[in-house]
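No experiment lies behind these values; they were computed from the predicted model shown.
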Amino acid sequence: MKHYLVGGAVRDHLLGLPVVDRDWVVVGSTPADMLQAGFKSVGKDFPVFLHPDSHEEYALARVERKTGPGYHGFEFTTDSSVTLEEDLSRRDLTINAIAQRDDGELVDPFNGRQDVENRVLRHVSSAFVEDPVRILRVARFMARFSHLGFTIADETLELMRSMVRDGEADNLVAERVWQEMSGALKARSPEAFIQALRNCGALAVILPEVDALFGVPQPAKWHPEIDSGIHTLMVLQQAALSSEELDVRFAALCHDLGKATTPVNILPSHHGHEKRGAVLTEALCERLRVPRKTRDLGVLTARWHTHSHRARELTPGKLTSLLQTMDVVRKPERFEQYLLVCEADARGRLGHEQGDYPQAAFLRKAAQIFREVDSAAIARATEDKSTIAERINEARTGAISEWLSRASGT
């Protein structure tokens, strides 16, 4: 029995990055041997074991054979005759197909170390095309490593395109798409994930609502970058700079989906895109089974982001309505997330990347006034209980109106 450190731990060490998780591959062993040595079995699809002391994962060396469409269509062999090189050959990218012996010596049959040094994402073998999840994984690695200068090898990008043409991307299931997508959105450069998918044609299959934004014009006066798709990438980049939260970044990605369905005869104007965008975001979330909390912020932001931009133009009544819709009393954290996305939207424009966004401070103050209204006291003092909500709304609108009047000196 021999064991080797493999995959991300070796790759990240070579990149000079912190090693968070360490995975091991075991050669020349059987499940019975592992259990006898005190390991705990945790694998479902193939034998994986937890070390009795470190609790790190040890997987038996394996090879796989394609038996059907999608990423479930595989048959695995894990007998003790499988070699380390055979196990490494089934991996997706060369930078992930490097093993390390106990003495620190690398086993690198596919020149992964050279690709690490050259900052290239390259497939290990033609077997890459057998698993459509690898399209998502390559795009996710771009989200993680593009800031280090990584690019996708030309031949790998062409393989990804051929997989899309052959319909392999159509076999991706919602749960796996969201798993990879959410990981990419939380990475250093989430916009690189979207761009990589677009470059290989998979964006039109996986996120057609986002793909449809590219080529849709916007008024140059407000959007010097013109293209709605480019704007979306810029907003996503700005959101990543201001927040590590998945919900914020997802909402940034979806905030302008409605612009893809703007009638051609009114372009480059996008009147009504907010309502259309909320509907499209809801549908996207339903298809990918996006968690409710993430979905809610995405839909609300798509529907109401332009209200934030025009905050100072809103009447007290409309301000109250916006704050009520945002549920600022019970969900102040979500309101802050909404403001972060709106600020990213304002900055996600060519030449505006460092711009101020005073609307956020204005809305925070309005939310404070809104919350300070004693709704419980109003409820107790209202004889006709059916009018409580109306009385509270009137009080909040009045308080905001008074604040605005004082602020303007009238």
Side-chain angles (χ1 to χ4, degrees), residues 143 147 185-194 210 213 218-259 270 273-274 277-278 281 293-314 318-328 331-371 400 403-404 407:
H147 72 286
L185 287 175
K186 290 184 286 186
R188 172 72 174 265
S189 306
E191 72 282 358
F193 172 77
I194 302 299
V210 177
L213 289 168
Q218 303 170 104
K221 177 181 178 181
W222 307 112
H223 288 277
E225 72 283 355
I226 306 293
D227 190 291
S228 296
I230 299 300
H231 167 63
T232 294
L233 294 184
M234 295 176 70
V235 174
L236 184 54
Q237 183 179 45
Q238 288 294 323
L241 291 173
S242 64
S243 174
E244 295 183 353
E245 296 179 80
L246 169 64
D247 296 356
V248 169
R249 297 178 178 201
F250 177 76
L253 177 65
C254 297
H255 82 285
D256 261 354
L257 292 184
K259 289 182 177 178
H270 289 281
H273 78 276
E274 302 91 345
T281 302
K293 178 171 169 286
T294 307
R295 174 188 308 201
D296 286 349
L297 181 65
V299 172
L300 283 170
T301 303
R303 178 64 184 88
W304 300 106
H305 63 281
T306 57
H307 274 57
S308 176
H309 302 331
R310 298 183 293 105
R312 291 183 177 276
E313 303 169 22
L314 300 180
K318 287 186 177 180
L319 272 173
T320 301
S321 178
L322 173 64
L323 297 170
Q324 181 67 41
T325 299
M326 290 293 161
D327 202 359
V328 296
K331 298 182 178 180
E333 298 86 1
R334 189 176 70 184
F335 181 61
E336 284 298 322
Q337 291 177 320
Y338 160 78
L339 293 178
L340 283 174
V341 182
C342 293
E343 184 169 1
D345 184 25
R347 289 180 172 172
R349 298 177 295 154
L350 195 62
H352 294 267
E353 294 85 352
Q354 304 300 322
D356 293 330
Y357 193 68
Q359 294 94 324
F362 176 83
L363 285 172
R364 288 190 183 99
K365 181 61 178 178
Q368 177 188 335
I369 302 297
F370 182 97
R371 296 188 190 103
I400 289 176
W403 163 61
L404 291 174

Identify whether the distance between the nearest side-chain nitrogen and carboxylate oxygen of [X] and [Y] falls below 4.0 Å.
X: Glu343; Y: Arg347; answer: yes
X: Asp296; Y: Lys293; answer: no
X: Glu245; Y: Lys186; answer: no

Passes side-chain contact (heavy atoms from CB on, under 4.5 Å), Gln218 versus Glu225? Steps please.
CA-CA 8 Å; Gln218 303 170 104; Glu225 72 283 355; 3.7 Å; yes
So, the side chain of [X] versus the backbone of [Y]: is there a donor-acceptor pair under 3.5 Å, distance only?
X: Asp356; Y: Pro358; answer: no
X: Tyr338; Y: Gly298; answer: no
X: Ser243; Y: Ala239; answer: no
X: His305; Y: Thr301; answer: yes
X: Asp256; Y: Lys259; answer: no
X: His352; Y: Arg349; answer: no
X: Arg249; Y: Leu246; answer: no
X: Gln359; Y: Ser308; answer: no

First locate atom [atom1] of [X], then atom [atom2] of [Y], and finally report the distance between them rounded to the nearest 0.5 Å.
X: His273; Y: Thr306; atom1: NE2; atom2: OG1; answer: 6.0 Å
X: Leu241; Y: Ser189; atom1: CG; atom2: OG; answer: 8.5 Å
X: Ser228; Y: Leu257; atom1: OG; atom2: CG; answer: 10.5 Å
X: Leu314; Y: His309; atom1: CG; atom2: NE2; answer: 12.0 Å
X: Leu340; Y: Asp345; atom1: CG; atom2: CG; answer: 12.5 Å
X: Leu185; Y: Leu236; atom1: CG; atom2: CG; answer: 6.5 Å

Worked check of side-chain contact (heavy atoms from CB on, under 4.5 Å) between Leu323 and Ile400
CA-CA 11 Å; Leu323 297 170; Ile400 289 176; 4.0 Å; yes
Is any side-chain heavy atom of Met234 closer than 4.5 Å to one of Glu353?
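In short, these two side chains touch, coming nearer than 4.5 Å.
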Do other residues, nucleotides or ligands put more than 12 heavy atoms under 6.0 Å from Arg188 CZ?
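For Arg188, atom CZ is not crowded (no more than 12 foreign heavy atoms under 6.0 Å).
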Other residues, nucleotides, ligands: >12 heavy atoms within 6.0 Å of Glu244 CD:
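Atom CD in Glu244 is not crowded, with 12 or fewer foreign heavy atoms closer than 6.0 Å.
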So which heavy atom on [X] is nearest to which on [Y], and how close?
X: Ile226; Y: Ala220; answer: CD1-CB, 3.4 Å
X: Asp327; Y: Arg334; answer: CB-NH2, 3.7 Å
X: Ala252; Y: Thr232; answer: O-CG2, 4.4 Å

Centroid-to-centroid, Phe335 to Trp304, below 6.0 Å?
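Centroid distance Phe335-Trp304: not below 6.0 Å, so no.
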Measure the acute angle between the ring planes of His255 and His231, then classify it against the limits of 30° and 60° as parallel, tilted or perpendicular.
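His255 vs His231 ring planes: perpendicular.
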Step by step, work out the side-chain contact (heavy atoms from CB on, under 4.5 Å) result for Arg295 and Phe250.
CA-CA 8 Å; Arg295 174 188 308 201; Phe250 177 76; 5.7 Å; no
Ignoring hydrogens and geometry beyond distance, is a side-chain donor-acceptor pair present between Thr294 and Asp247 at under 3.5 Å?
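Yes.
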Candidate pair Leu363 and Leu319, rule side-chain contact (heavy atoms from CB on, under 4.5 Å), full reasoning:
CA-CA 8 Å; Leu363 285 172; Leu319 272 173; 3.7 Å; yes
